[in-house]
Amino acid sequence: MFDGIARRVVSIWFHRLASDRFLRQYPLSGPFALTIKHSNANRLYCLNTEAAQQGLHQGMSHSDARAFCPKLQTAPADLYRDQQFLLTLRRWATRYCPWVGLEGRDGLVLDISGSSHLFGGEDNMLSDIRTGLTRAGLSAQIGLADTRGAAWALAHFGEGQAAPGAMLPALKDLPVAALRLDVKTTTALIRLGLRKIGDLATTPRAPLTRRFGPNVVMRLDQALGQQVEEITPLAAPPHYGVRMTLPEPIGLIDDVMAGTKRLLTRLCATLKTHEMGARVFVVTLRRVDQGHQEVELRLARPLRDPLRILPLFEKGLSEIDAGFGIDQLRLEATQTEALPAQQMTHVATDSDDRLDDLITRLGTRIGLENIQRFLPADSHIPERSFITSPAAYSTAASGWVCRNPRPLCLFHPEPIAGGGSYPPTHFRWRRMSLTTGRATGPERITPEWWFDDDNWRSGLRDYWRVETTQGRRLWLFYTPQNPGWYVQGEFA
Amino acid sequence: MTTSTLPYFPLKRGRVHEVCGPGSFGFLAALMAQTCGPTLWIRESHRPEYINPMGLGEFADPSQMLVANVTHQTDGLASAEEALRERAVALVAIDISKPLSLTAGRRLQLAAKTGNSTGLCLIPEGMGSNAAESRWRCRPLFHAQDSTHFHWSLIKNKSGTVGSWHVRWNRTSRRVDMVSPVSE
């Protein structure tokens, strides 16, 4: 890797990551395990020390575990939050070196070449890592070696250090499973009598490759440093947040707006360099009495133009209670979307921008999802032939095809009295006495059997346009399979 | 059948008007067809009636319509004011269920004037506000051959006389034609 500097790699294995994360949040004593649903049975996924001491093990079914240990407390596992927690730990580990990568679902790998002297040597650095993790309530096993493979093996099977350049003495007593081989290969190797890495290293290589493929020899070479293995550090995601601390508390709306404007200018510049636009902004105002006030702004489309965004904050900021004054402002774009730079043209109009701004403004009052637009849908069922979707998250669609006349106004079917398959001559609807003047129909619509719709339980419907002599033009339907007449709409 | 243009329609811009009667939705659809541009329809979410875009397609482009679902009339009025002032939409229609106070009606008028947009309140019979520029009562008419006939009467007008007309929706030219009264 580097000429003249020996490469040193630390591997950290959090062997109880999931349960440690849970117990940090909800501390409890006694045996505890997280369960996961696997092939239709609840199985133990991650146990704490007490549970392991009771003889329970990972992969055991939940009911068996309860039979062995009635005091066992369990909670369902949350793999996503475990992953997020591991990413947090990765960020924490960058204090030791910039090259930190993930190792599977529950490990970290750190390339500490040339950075251990900053902590006073490797031993001090390892004890520093261990202290930090213990204080955080995490159990971890740490391995240190020249290669990633050897460090992994030490973390999982030996927990120790390998002296620089002396990988084989440290590894030779570890089982072959420490080479990151799959279970099938490991079992086959053990059957051949190759139990330890030391045995494997002294075996002729050609028969091994012929018998098991190139993987075994490659893993051995990687562990012993004869083949290079890289560590891919994760790039930290960009953080869209700015803050400002004030020497004197402020309370007037104009001052808060001015402060927000400064923050917004800075944040929008950051968004611009990443070609991103914000969908949701959160302003957090810290008061001198340590209280927090949050104002959220949800936009109808991604934006990064401070002059357009600022007026939209006005309503939210005017409603906060400043108390004895505000001494810190923090602005964060919590939800962002790609917003590439676009060519400006003289034909482009600003009417779309205006409409989006209006949707945002109304959205701050009545909720962004309550402003909807119509989109065509492919269905013959009248109430499903269109969908309403939030205007902020959809674009206007053309392509409205209507073969048969449809009423302008729809409502839930209202039963009327009537018999026979022809529309009744006289009927009462909404306390009005109506007379059929002209009836056009029927148009038969069958329910969509692939949807389970309660309203269509009565079977197929024959729709009629009924023009009453009183003027009202109604949309009636008759259900022949379950006789009855209903009014469902009104024409203009 | 004589055809001539209907007075006072399309409605005066920059003002708020009112419509009542069973043909209100038809009136709104006809007005939407003649005011080019996006329309916002503010409705209270508990109301059962819903405008069907498939039926609206006969009058105007359904993709031009935005629906705002509000829980109270207070929210609806505030949203209507905002939308009228903003110049983003050409027409704002609002369902009214409780009578408007004089202040609320006047605020709507001022907002419409600022944004030079048209407002239309769909009111229940007899719940008009004094501030409205004009008030229409619409009902569909039965006609032996044609099913697009309406009876529109202008029952309040701040800038002219009132009147009553028989009209029909002309599907090809997408406009309202005045017709001679139906012989019953």
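By convention in this document, chain letters (A, B, ...) are assigned in the order of the sequence lines, proteins followed by strands, and residues within each chain are numbered from 1.
- Across A:Arg406, A:Gln372, A:Glu383, the residue that shares the most heavy-atom pairs under 4.5 angstrom with chain B is A:Gln372.
- Heavy-atom distances place both the backbone and the side chain of A:Leu410 under 4.5 Å from chain B.
- For B:Phe59, the part lying near chain A is the side chain, with the backbone staying farther off; criterion is any non-hydrogen pair under 4.5 Å.
- Atom CZ of B:Arg106 has 12 or fewer heavy atoms from other residues, nucleotides or ligands within 6.0 Å.
- Using a 4.5 Å heavy-atom threshold, the side chains of A:Ile359 and B:Leu66 count as touching.
- The 12-atom threshold is exceeded at NZ of A:Lys315, counting heavy atoms of other residues, nucleotides or ligands nearer than 6.0 Å.
- With a 4.5 Å cut-off on non-hydrogen atoms, B:Gln145 touches chain A through its backbone but not through its side chain.
- No side-chain heavy atom of B:Ile51 sits under 4.5 Å from any side-chain heavy atom of A:Cys409.
- With respect to chain A, the highest number of heavy-atom pairs below 4.5 Å among B:Pro38, B:Ala29, B:Gly76, B:Ser79 belongs to B:Ser79.
- Between the B:Asn52 side chain and the A:Pro407 main chain, a donor and an acceptor come within less than 3.5 Å of each other.
- The distance from atom CG of A:Leu355 to atom CZ of B:Arg87, rounded to the nearest 0.5 Å, is 15.0 Å.
- With a threshold of 4.5 angstrom between heavy atoms, B:Leu28 does not approach chain A through any atom at all.
- Looking at B:Arg47, there are no atoms closer than 4.5 Å to chain A (heavy atoms on both sides), in backbone or side chain.
- Heavy atoms of B:Ser24 lying under 4.5 Å from chain A are absent altogether.
- Distance check: A:Leu408 CG to B:Tyr50 OH gives 13.0 Å after rounding to the nearest 0.5 Å.
- Rounded to the nearest 0.5 Å, atoms CZ (A:Phe374) and CE (B:Met54) are 11.5 Å apart.
- Considering every non-hydrogen atom in both B:Ser63 and A:Ala397, the closest pair reads CB-O, 3.4 Å.
- A:Thr440 does not touch chain B: none of its heavy atoms, backbone or side chain, sits under 4.5 Å away.
- From B:Glu82, atom CD reaches atom CD1 of A:Ile366 across 10.5 Å, with rounding to the nearest 0.5 Å.
- Annotation: side chain of B:Val89 is in contact with side chain of A:Leu358 (closest heavy-atom distance under 4.5 Å).
- In the displayed structure, A:Arg304 atom CZ is contacted under 6.0 Å by more than 12 heavy atoms of other residues, nucleotides or ligands.
- Chosen from B:Ser147, B:Gly23, B:Pro48, the residue pairing most often with chain A at heavy-atom distances under 4.5 Å is B:Ser147.
- The CD1 atom of A:Ile371 sits 9.0 Å away from the CD1 atom of B:Ile42 when rounded to the nearest 0.5 Å.
- Residues from residues 133-140 of chain B that place a non-hydrogen atom less than 4.5 Å from a non-hydrogen atom of chain A comprise B:Pro140, given in numerical order.
- When the candidates A:His412, A:Glu467, A:Arg373 are compared by the number of heavy-atom contacts under 4.5 Å with chain B, A:Glu467 comes out ahead.
- Remark: B:Glu49 engages A:Arg430 in a salt bridge, criterion side-chain N to carboxylate O under 4.0 Å.
- No more than 12 heavy atoms of other residues, nucleotides or ligands lie within 6.0 Å of CG in B:Asn130, so this atom counts as exposed by the packing criterion.
- Contact check on A:Arg354 versus B:Glu86 returns no salt bridge, with no Lys/Arg side-chain nitrogen under 4.0 Å from an Asp/Glu carboxylate oxygen.
- Atom CZ of A:Arg472 and atom CZ of B:Phe142 lie 15.5 Å apart (nearest 0.5 Å).
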